[in-house]
Amino acid sequence: MDKVEIKEGIYWVGGIDWNIRDFHGYSTLKGTTYNAFLVIDERVTLFDTVKKGFREDLLRRISAVIDPKKIDYVVVNHVEMDHSGSLPEIMEICRPSKLFCSSRGKQALLQHFHRPEWPYEVVATGSEIKLGRRTVRFLETRMLHWPDSMFSYIPEERLLISSDAFGQHWATSERFDDEVEQSELMEHAAKYYANILLLYSPLVQNLLATVREMGLEIDMVAPDHGLIWRKDPGRILEAYAAWSGQRPARKALVIYDTMWESTAAMARAVADGLMKQKVSVQVMDLRYTHRSDVMTQLLDASALVCGSSTLNNGMLPKMADALHYMRGLKPMRKMGAAFGSFGWSGEGVRMVEEALQAMKVEIVAPAIKVQYVPDTEALLGCVEMGSRVGELIRQRT
Ligand code: FEO
(Lines give C-alpha, C1' and ligand atoms only; values in the text may rest on other atoms or scores of the structure.)
Protein backbone atom coordinates (compact mmCIF):
# COMPACT_ATOMS: atom_id res chain seq x y z
CA MET A 1 0.00 0.00 0.00
CA ASP A 2 1.20 3.51 -0.80
CA LYS A 3 1.83 5.51 2.31
CA VAL A 4 0.10 8.88 2.46
CA GLU A 5 2.75 11.23 3.83
CA ILE A 6 1.18 14.63 4.50
CA LYS A 7 4.44 16.14 5.77
CA GLU A 8 7.83 14.55 6.18
CA GLY A 9 7.40 11.82 8.79
CA ILE A 10 3.69 12.51 9.26
CA TYR A 11 1.15 10.16 7.69
CA TRP A 12 -2.59 10.02 7.08
CA VAL A 13 -3.71 6.62 8.39
CA GLY A 14 -7.49 7.03 8.34
CA GLY A 15 -10.44 5.17 6.86
CA ILE A 16 -12.64 5.98 3.87
CA ASP A 17 -16.34 5.29 4.38
CA TRP A 18 -17.74 5.24 0.86
CA ASN A 19 -21.15 4.00 1.92
CA ILE A 20 -22.43 6.01 4.87
CA ARG A 21 -25.54 7.93 3.85
CA ASP A 22 -26.86 9.21 7.15
CA PHE A 23 -24.73 10.87 9.80
CA HIS A 24 -27.05 11.52 12.74
CA GLY A 25 -29.66 13.10 10.49
CA TYR A 26 -27.27 14.68 7.98
CA SER A 27 -27.38 13.16 4.49
CA THR A 28 -23.86 12.14 3.54
CA LEU A 29 -24.60 11.29 -0.06
CA LYS A 30 -20.92 11.02 -0.94
CA GLY A 31 -19.77 9.23 2.21
CA THR A 32 -17.06 10.53 4.51
CA THR A 33 -13.59 9.79 5.83
CA TYR A 34 -12.36 9.27 9.38
CA ASN A 35 -8.92 10.85 9.35
CA ALA A 36 -6.21 9.80 11.76
CA PHE A 37 -2.58 10.94 11.71
CA LEU A 38 0.64 9.21 12.67
CA VAL A 39 3.74 11.21 13.61
CA ILE A 40 7.07 9.39 13.51
CA ASP A 41 9.40 10.96 16.06
CA GLU A 42 11.25 9.77 19.18
CA ARG A 43 7.76 9.24 20.56
CA VAL A 44 5.62 7.72 17.82
CA THR A 45 2.22 9.34 18.18
CA LEU A 46 -1.22 8.54 16.78
CA PHE A 47 -3.74 11.38 16.60
CA ASP A 48 -7.27 9.98 16.84
CA THR A 49 -8.49 6.63 15.58
CA VAL A 50 -11.39 5.68 13.31
CA LYS A 51 -14.97 4.46 13.54
CA LYS A 52 -15.46 0.90 14.68
CA GLY A 53 -15.44 -1.25 11.57
CA PHE A 54 -12.51 0.63 10.05
CA ARG A 55 -9.93 -0.68 12.50
CA GLU A 56 -8.34 -2.94 9.89
CA ASP A 57 -7.87 -0.01 7.52
CA LEU A 58 -6.22 2.01 10.28
CA LEU A 59 -3.89 -0.81 11.29
CA ARG A 60 -3.00 -1.61 7.69
CA ARG A 61 -2.05 2.00 7.05
CA ILE A 62 -0.07 2.28 10.27
CA SER A 63 1.69 -1.01 9.49
CA ALA A 64 2.75 0.34 6.09
CA VAL A 65 4.78 2.93 8.04
CA ILE A 66 5.75 1.27 11.32
CA ASP A 67 4.89 -1.65 13.59
CA PRO A 68 1.73 -0.50 15.47
CA LYS A 69 3.29 -1.78 18.70
CA LYS A 70 5.86 1.01 18.40
CA ILE A 71 3.20 3.67 18.99
CA ASP A 72 4.12 5.45 22.24
CA TYR A 73 1.37 8.01 22.52
CA VAL A 74 -2.25 8.24 21.45
CA VAL A 75 -3.94 11.64 21.35
CA VAL A 76 -7.74 11.68 21.51
CA ASN A 77 -8.78 15.06 20.17
CA HIS A 78 -12.45 14.07 20.20
CA VAL A 79 -14.37 11.20 21.79
CA GLU A 80 -17.33 10.92 19.40
CA MET A 81 -17.34 7.35 18.15
CA ASP A 82 -16.54 8.14 14.53
CA HIS A 83 -13.06 8.88 15.95
CA SER A 84 -12.88 6.66 19.02
CA GLY A 85 -14.89 3.60 17.99
CA SER A 86 -11.78 1.55 17.37
CA LEU A 87 -9.83 3.00 20.32
CA PRO A 88 -10.27 -0.01 22.65
CA GLU A 89 -8.75 -2.36 20.06
CA ILE A 90 -5.96 0.10 19.26
CA MET A 91 -5.15 0.45 22.98
CA GLU A 92 -5.04 -3.33 23.25
CA ILE A 93 -2.79 -3.81 20.24
CA CYS A 94 -0.49 -0.78 20.59
CA ARG A 95 -0.36 -0.46 24.38
CA PRO A 96 0.78 3.19 24.32
CA SER A 97 2.45 4.56 27.43
CA LYS A 98 0.24 7.66 27.41
CA LEU A 99 -3.19 8.62 26.18
CA PHE A 100 -3.59 12.40 25.95
CA CYS A 101 -7.04 13.99 26.13
CA SER A 102 -8.84 16.95 27.67
CA SER A 103 -10.41 16.65 31.13
CA ARG A 104 -13.86 16.35 29.53
CA GLY A 105 -12.30 13.87 27.13
CA LYS A 106 -11.16 11.63 29.97
CA GLN A 107 -14.61 11.76 31.54
CA ALA A 108 -16.27 10.92 28.21
CA LEU A 109 -13.80 8.11 27.44
CA LEU A 110 -14.55 6.55 30.83
CA GLN A 111 -18.28 6.84 30.16
CA HIS A 112 -17.93 5.30 26.71
CA PHE A 113 -15.42 2.50 27.29
CA HIS A 114 -15.27 2.00 31.08
CA ARG A 115 -11.50 1.47 31.10
CA PRO A 116 -10.08 3.28 34.15
CA GLU A 117 -6.72 1.52 33.71
CA TRP A 118 -5.83 3.33 30.48
CA PRO A 119 -2.79 5.66 30.89
CA TYR A 120 -4.71 8.96 30.70
CA GLU A 121 -2.75 12.23 30.68
CA VAL A 122 -5.08 15.19 30.88
CA VAL A 123 -4.04 18.26 28.91
CA ALA A 124 -5.60 21.72 28.59
CA THR A 125 -5.24 24.80 26.43
CA GLY A 126 -1.59 25.76 26.47
CA SER A 127 -0.31 22.31 27.52
CA GLU A 128 2.66 21.13 25.48
CA ILE A 129 4.27 17.76 25.05
CA LYS A 130 7.56 16.92 23.32
CA LEU A 131 7.61 14.08 20.86
CA GLY A 132 11.33 14.51 20.17
CA ARG A 133 12.08 16.96 17.40
CA ARG A 134 8.48 18.07 17.44
CA THR A 135 6.20 19.67 20.00
CA VAL A 136 2.44 19.29 20.32
CA ARG A 137 0.54 22.25 21.72
CA PHE A 138 -3.09 21.65 22.72
CA LEU A 139 -6.01 24.01 22.37
CA GLU A 140 -9.35 23.01 23.86
CA THR A 141 -12.27 23.70 21.54
CA ARG A 142 -15.24 22.95 23.75
CA MET A 143 -18.48 22.21 21.85
CA LEU A 144 -16.66 22.14 18.52
CA HIS A 145 -18.07 19.60 18.26
CA TRP A 146 -18.46 18.14 21.77
CA PRO A 147 -17.38 19.36 25.22
CA ASP A 148 -14.23 17.20 25.02
CA SER A 149 -12.97 18.46 21.67
CA MET A 150 -9.50 19.92 21.21
CA PHE A 151 -6.98 20.85 18.52
CA SER A 152 -3.40 19.60 18.37
CA TYR A 153 -0.94 22.08 16.88
CA ILE A 154 2.60 21.11 15.87
CA PRO A 155 4.52 24.39 15.55
CA GLU A 156 7.66 22.89 13.93
CA GLU A 157 5.43 21.69 11.08
CA ARG A 158 2.95 24.59 11.10
CA LEU A 159 0.35 21.83 11.21
CA LEU A 160 -3.03 22.16 12.86
CA ILE A 161 -4.81 18.86 13.49
CA SER A 162 -8.26 20.31 13.88
CA SER A 163 -10.56 17.41 14.81
CA ASP A 164 -14.10 18.04 13.50
CA ALA A 165 -13.53 21.70 12.64
CA PHE A 166 -12.83 22.55 8.98
CA GLY A 167 -13.93 19.08 7.82
CA GLN A 168 -16.20 17.86 5.08
CA HIS A 169 -18.21 14.68 4.75
CA TRP A 170 -16.86 13.56 1.39
CA ALA A 171 -15.27 10.20 0.61
CA THR A 172 -12.57 10.63 -2.02
CA SER A 173 -9.48 8.83 -3.19
CA GLU A 174 -7.70 12.20 -2.98
CA ARG A 175 -6.43 13.49 0.36
CA PHE A 176 -5.64 17.15 -0.31
CA ASP A 177 -7.71 20.22 -1.15
CA ASP A 178 -5.74 20.98 -4.33
CA GLU A 179 -6.50 17.55 -5.79
CA VAL A 180 -10.28 17.97 -6.03
CA GLU A 181 -12.77 20.21 -7.75
CA GLN A 182 -12.81 23.45 -5.76
CA SER A 183 -16.47 24.42 -5.86
CA GLU A 184 -17.53 20.92 -4.79
CA LEU A 185 -15.00 21.04 -1.95
CA MET A 186 -16.43 24.31 -0.64
CA GLU A 187 -20.01 23.00 -1.02
CA HIS A 188 -19.16 20.02 1.18
CA ALA A 189 -17.38 22.28 3.69
CA ALA A 190 -20.39 24.63 3.79
CA LYS A 191 -22.85 21.76 4.23
CA TYR A 192 -20.70 20.40 7.06
CA TYR A 193 -20.59 23.79 8.78
CA ALA A 194 -24.33 24.38 8.35
CA ASN A 195 -25.27 20.97 9.74
CA ILE A 196 -22.65 20.35 12.42
CA LEU A 197 -21.29 23.66 13.68
CA LEU A 198 -23.79 26.43 12.89
CA LEU A 199 -25.29 26.47 16.39
CA TYR A 200 -21.82 26.98 17.84
CA SER A 201 -21.05 29.99 15.63
CA PRO A 202 -20.31 32.33 18.57
CA LEU A 203 -17.74 29.78 19.81
CA VAL A 204 -16.25 29.52 16.32
CA GLN A 205 -15.81 33.31 16.32
CA ASN A 206 -14.07 33.13 19.72
CA LEU A 207 -11.88 30.28 18.54
CA LEU A 208 -10.77 32.12 15.42
CA ALA A 209 -9.90 35.13 17.59
CA THR A 210 -7.90 32.87 19.94
CA VAL A 211 -6.01 31.35 17.00
CA ARG A 212 -5.17 34.89 15.82
CA GLU A 213 -4.11 35.98 19.34
CA MET A 214 -1.91 32.91 19.78
CA GLY A 215 -0.22 33.83 16.52
CA LEU A 216 -0.31 30.25 15.30
CA GLU A 217 1.50 29.94 12.00
CA ILE A 218 -0.46 27.43 9.95
CA ASP A 219 0.39 26.09 6.54
CA MET A 220 -1.70 22.93 6.79
CA VAL A 221 -5.05 22.20 8.43
CA ALA A 222 -5.74 18.50 8.87
CA PRO A 223 -9.36 17.87 9.94
CA ASP A 224 -10.77 14.51 11.02
CA HIS A 225 -13.12 14.36 8.00
CA GLY A 226 -12.52 14.89 4.32
CA LEU A 227 -9.73 16.71 2.52
CA ILE A 228 -6.63 18.18 4.15
CA TRP A 229 -6.13 21.90 3.51
CA ARG A 230 -2.57 22.40 2.26
CA LYS A 231 -2.87 24.67 -0.77
CA ASP A 232 -4.58 27.54 0.96
CA PRO A 233 -5.53 26.80 4.58
CA GLY A 234 -6.44 30.47 4.98
CA ARG A 235 -9.36 29.87 2.64
CA ILE A 236 -11.22 27.60 5.05
CA LEU A 237 -10.37 29.84 8.02
CA GLU A 238 -11.85 32.80 6.11
CA ALA A 239 -14.91 30.75 5.16
CA TYR A 240 -15.48 29.88 8.83
CA ALA A 241 -15.16 33.55 9.76
CA ALA A 242 -17.87 34.37 7.20
CA TRP A 243 -20.18 31.45 8.05
CA SER A 244 -19.91 31.98 11.79
CA GLY A 245 -20.65 35.70 11.30
CA GLN A 246 -23.92 34.62 9.61
CA ARG A 247 -23.88 37.65 7.35
CA PRO A 248 -26.95 37.25 5.15
CA ALA A 249 -26.61 37.44 1.39
CA ARG A 250 -29.17 38.83 -1.06
CA LYS A 251 -30.83 35.46 -1.15
CA ALA A 252 -34.10 33.86 -0.04
CA LEU A 253 -35.10 30.29 0.57
CA VAL A 254 -38.64 29.09 -0.12
CA ILE A 255 -39.35 25.64 1.28
CA TYR A 256 -42.67 23.84 1.16
CA ASP A 257 -44.54 20.59 1.34
CA THR A 258 -47.84 20.15 -0.43
CA MET A 259 -50.72 17.67 -0.63
CA TRP A 260 -52.44 18.47 -3.94
CA GLU A 261 -50.05 21.06 -5.41
CA SER A 262 -51.88 24.15 -4.13
CA THR A 263 -49.09 25.02 -1.69
CA ALA A 264 -46.57 24.23 -4.45
CA ALA A 265 -48.26 26.77 -6.75
CA MET A 266 -48.18 29.32 -3.91
CA ALA A 267 -44.45 28.64 -3.40
CA ARG A 268 -43.72 29.37 -7.07
CA ALA A 269 -45.71 32.60 -6.85
CA VAL A 270 -43.78 33.68 -3.72
CA ALA A 271 -40.56 32.93 -5.60
CA ASP A 272 -41.74 35.07 -8.53
CA GLY A 273 -42.23 37.99 -6.17
CA LEU A 274 -38.73 37.56 -4.77
CA MET A 275 -37.28 37.36 -8.27
CA LYS A 276 -39.10 40.57 -9.20
CA GLN A 277 -36.90 42.22 -6.58
CA LYS A 278 -33.76 40.70 -8.16
CA VAL A 279 -33.16 38.52 -5.13
CA SER A 280 -31.55 35.12 -5.64
CA VAL A 281 -34.09 32.42 -4.73
CA GLN A 282 -33.84 28.72 -3.94
CA VAL A 283 -37.15 26.85 -3.99
CA MET A 284 -37.05 23.48 -2.27
CA ASP A 285 -39.84 20.91 -2.21
CA LEU A 286 -39.33 18.97 0.99
CA ARG A 287 -40.71 15.80 -0.59
CA TYR A 288 -37.52 15.67 -2.65
CA THR A 289 -35.03 17.68 -0.62
CA HIS A 290 -33.23 16.47 2.49
CA ARG A 291 -33.31 18.63 5.60
CA SER A 292 -29.51 18.90 5.60
CA ASP A 293 -29.50 20.34 2.07
CA VAL A 294 -32.05 22.90 3.23
CA MET A 295 -29.63 23.89 6.00
CA THR A 296 -26.81 24.39 3.52
CA GLN A 297 -28.95 26.81 1.52
CA LEU A 298 -30.13 28.56 4.66
CA LEU A 299 -26.54 29.26 5.76
CA ASP A 300 -26.26 32.55 3.85
CA ALA A 301 -29.92 33.26 3.09
CA SER A 302 -31.59 36.44 4.38
CA ALA A 303 -35.09 35.01 4.36
CA LEU A 304 -36.84 31.74 4.99
CA VAL A 305 -40.36 31.54 3.57
CA CYS A 306 -42.18 28.33 4.45
CA GLY A 307 -45.32 26.79 3.03
CA SER A 308 -47.33 23.83 4.25
CA SER A 309 -50.76 22.43 3.66
CA THR A 310 -52.73 21.44 6.75
CA LEU A 311 -52.88 17.75 7.54
CA ASN A 312 -54.77 16.35 10.53
CA ASN A 313 -54.88 19.74 12.27
CA GLY A 314 -51.16 20.35 11.82
CA MET A 315 -48.45 21.10 9.31
CA LEU A 316 -47.22 18.38 6.96
CA PRO A 317 -44.67 16.06 8.62
CA LYS A 318 -41.75 16.91 6.36
CA MET A 319 -42.17 20.60 7.21
CA ALA A 320 -42.29 19.74 10.92
CA ASP A 321 -39.10 17.70 10.48
CA ALA A 322 -37.27 20.50 8.64
CA LEU A 323 -38.32 23.19 11.14
CA HIS A 324 -37.43 21.03 14.14
CA TYR A 325 -33.99 20.25 12.70
CA MET A 326 -33.38 23.90 11.77
CA ARG A 327 -34.34 25.17 15.20
CA GLY A 328 -31.71 22.97 16.82
CA LEU A 329 -29.03 24.50 14.60
CA LYS A 330 -29.99 28.05 15.69
CA PRO A 331 -29.74 30.05 12.48
CA MET A 332 -29.50 33.79 13.20
CA ARG A 333 -30.58 37.03 11.49
CA LYS A 334 -33.26 35.55 9.25
CA MET A 335 -36.56 37.11 8.25
CA GLY A 336 -39.47 34.99 7.11
CA ALA A 337 -43.12 34.36 6.39
CA ALA A 338 -45.57 31.46 6.18
CA PHE A 339 -48.15 30.37 3.64
CA GLY A 340 -50.16 27.31 2.68
CA SER A 341 -53.44 25.82 1.59
CA PHE A 342 -56.00 24.00 3.71
CA GLY A 343 -59.29 22.18 3.41
CA TRP A 344 -61.38 22.95 6.52
CA SER A 345 -59.45 23.54 9.75
CA GLY A 346 -56.28 25.29 8.47
CA GLU A 347 -53.96 25.26 11.51
CA GLY A 348 -50.87 24.34 9.48
CA VAL A 349 -49.87 27.86 8.43
CA ARG A 350 -50.20 29.27 11.95
CA MET A 351 -48.08 26.43 13.29
CA VAL A 352 -45.40 27.09 10.69
CA GLU A 353 -45.38 30.78 11.61
CA GLU A 354 -45.11 29.92 15.31
CA ALA A 355 -42.23 27.56 14.58
CA LEU A 356 -40.44 30.34 12.70
CA GLN A 357 -40.99 32.71 15.61
CA ALA A 358 -39.70 30.09 18.03
CA MET A 359 -36.40 30.08 16.17
CA LYS A 360 -36.30 33.90 16.28
CA VAL A 361 -37.07 34.43 12.61
CA GLU A 362 -38.47 37.94 12.15
CA ILE A 363 -41.92 37.62 10.54
CA VAL A 364 -42.02 40.35 7.89
CA ALA A 365 -45.24 39.56 6.02
CA PRO A 366 -48.69 38.42 7.17
CA ALA A 367 -49.28 34.70 6.68
CA ILE A 368 -51.34 33.66 3.66
CA LYS A 369 -53.88 30.85 3.90
CA VAL A 370 -55.86 29.63 0.92
CA GLN A 371 -58.78 27.21 1.11
CA TYR A 372 -58.37 24.29 -1.28
CA VAL A 373 -56.98 25.76 -4.53
CA PRO A 374 -55.59 29.27 -5.02
CA ASP A 375 -57.19 31.44 -7.70
CA THR A 376 -55.35 34.15 -9.62
CA GLU A 377 -56.00 36.73 -6.94
CA ALA A 378 -54.61 34.46 -4.22
CA LEU A 379 -51.51 33.73 -6.27
CA LEU A 380 -51.00 37.46 -6.86
CA GLY A 381 -51.13 37.82 -3.08
CA CYS A 382 -48.30 35.28 -2.84
CA VAL A 383 -46.32 37.22 -5.46
CA GLU A 384 -46.89 40.32 -3.35
CA MET A 385 -45.62 38.49 -0.24
CA GLY A 386 -42.45 37.48 -2.09
CA SER A 387 -41.98 40.98 -3.41
CA ARG A 388 -42.35 42.47 0.07
CA VAL A 389 -39.79 40.08 1.54
CA GLY A 390 -37.49 40.72 -1.44
CA GLU A 391 -37.71 44.47 -0.98
CA LEU A 392 -36.64 44.13 2.66
CA ILE A 393 -33.76 41.86 1.67
CA ARG A 394 -32.57 44.50 -0.80
CA GLN A 395 -32.79 47.19 1.86
CA ARG A 396 -30.77 45.16 4.36
CA THR A 397 -28.05 43.65 2.17
FE1 FEO B 1 -16.53 13.62 13.62
FE2 FEO B 1 -18.04 15.06 16.37
O3 FEO B 1 -17.31 13.68 15.32
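Both ligands and their constituent atoms are indexed starting at 1 by order of listing. Worth knowing before you read on, the calculation uses all heavy atoms, side chains too, and leaves out hydrogens, waters and symmetry mates. Quick caveat, the model's predicted, so the values are computed rather than measured.
Side-chain atoms of Glu140 come within 3.5 Å of backbone atoms of Thr125 as a donor-acceptor pair (strictly under, hydrogens ignored).
Among the candidates Leu380, Ile368, Val364, the single residue satisfying the side-chain contact (heavy atoms from CB on, under 4.5 Å) test with Met385 is Ile368. The side chain to side chain donor-acceptor pair (under 3.5 Å) with Tyr34 is formed by just one residue from the set Asp224, Asp82, Asp17; it is Asp17.
The minimum distance between atom 1 (Fe) of ligand 1 and any N, O or S atom of His225 involves atom NE2.
For atom 2 (Fe) of ligand 1, protein N/O/S neighbours under 2.8 Å (waters excluded) are His78 NE2, Glu80 OE1, His145 ND1, Asp164 OD2.
Taking Ile, Leu, Val, Met, Phe, Trp and Tyr as members and joining any whose side-chain heavy atoms lie under 4.5 Å apart, directly or through other members, the hydrophobic cluster of Met150 also contains Val4, Ile6, Ile10, Trp12, Ile16, Trp18, Phe37, Val39, Phe47, Tyr73, Val75, Phe100, Val123, Ile129, Leu131, Val136, Phe138, Ile154, Leu159, Ile161, Phe176, Met220, Ile228.
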Identify all side-chain donor-acceptor contacts of residues 339-352 below 3.5 Å with residues at least two apart in sequence or on another chain.
{"residue": "Ser341", "atom": "OG", "partner": "Thr263", "partner atom": "OG1", "Å": "3.2"}
{"residue": "Ser345", "atom": "OG", "partner": "Asn313", "partner atom": "ND2", "Å": "3.4"}
{"residue": "Ser345", "atom": "OG", "partner": "Glu347", "partner atom": "OE1", "Å": "2.6"}
{"residue": "Glu347", "atom": "OE2", "partner": "Asn313", "partner atom": "ND2", "Å": "2.9"}
{"residue": "Arg350", "atom": "NH1", "partner": "Glu354", "partner atom": "OE2", "Å": "3.2"}

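In this view, Phe166 and Tyr240 satisfy the ring pair (Phe, Tyr, Trp, His ring centres under 6.0 Å) rule, not counting sequence neighbours.
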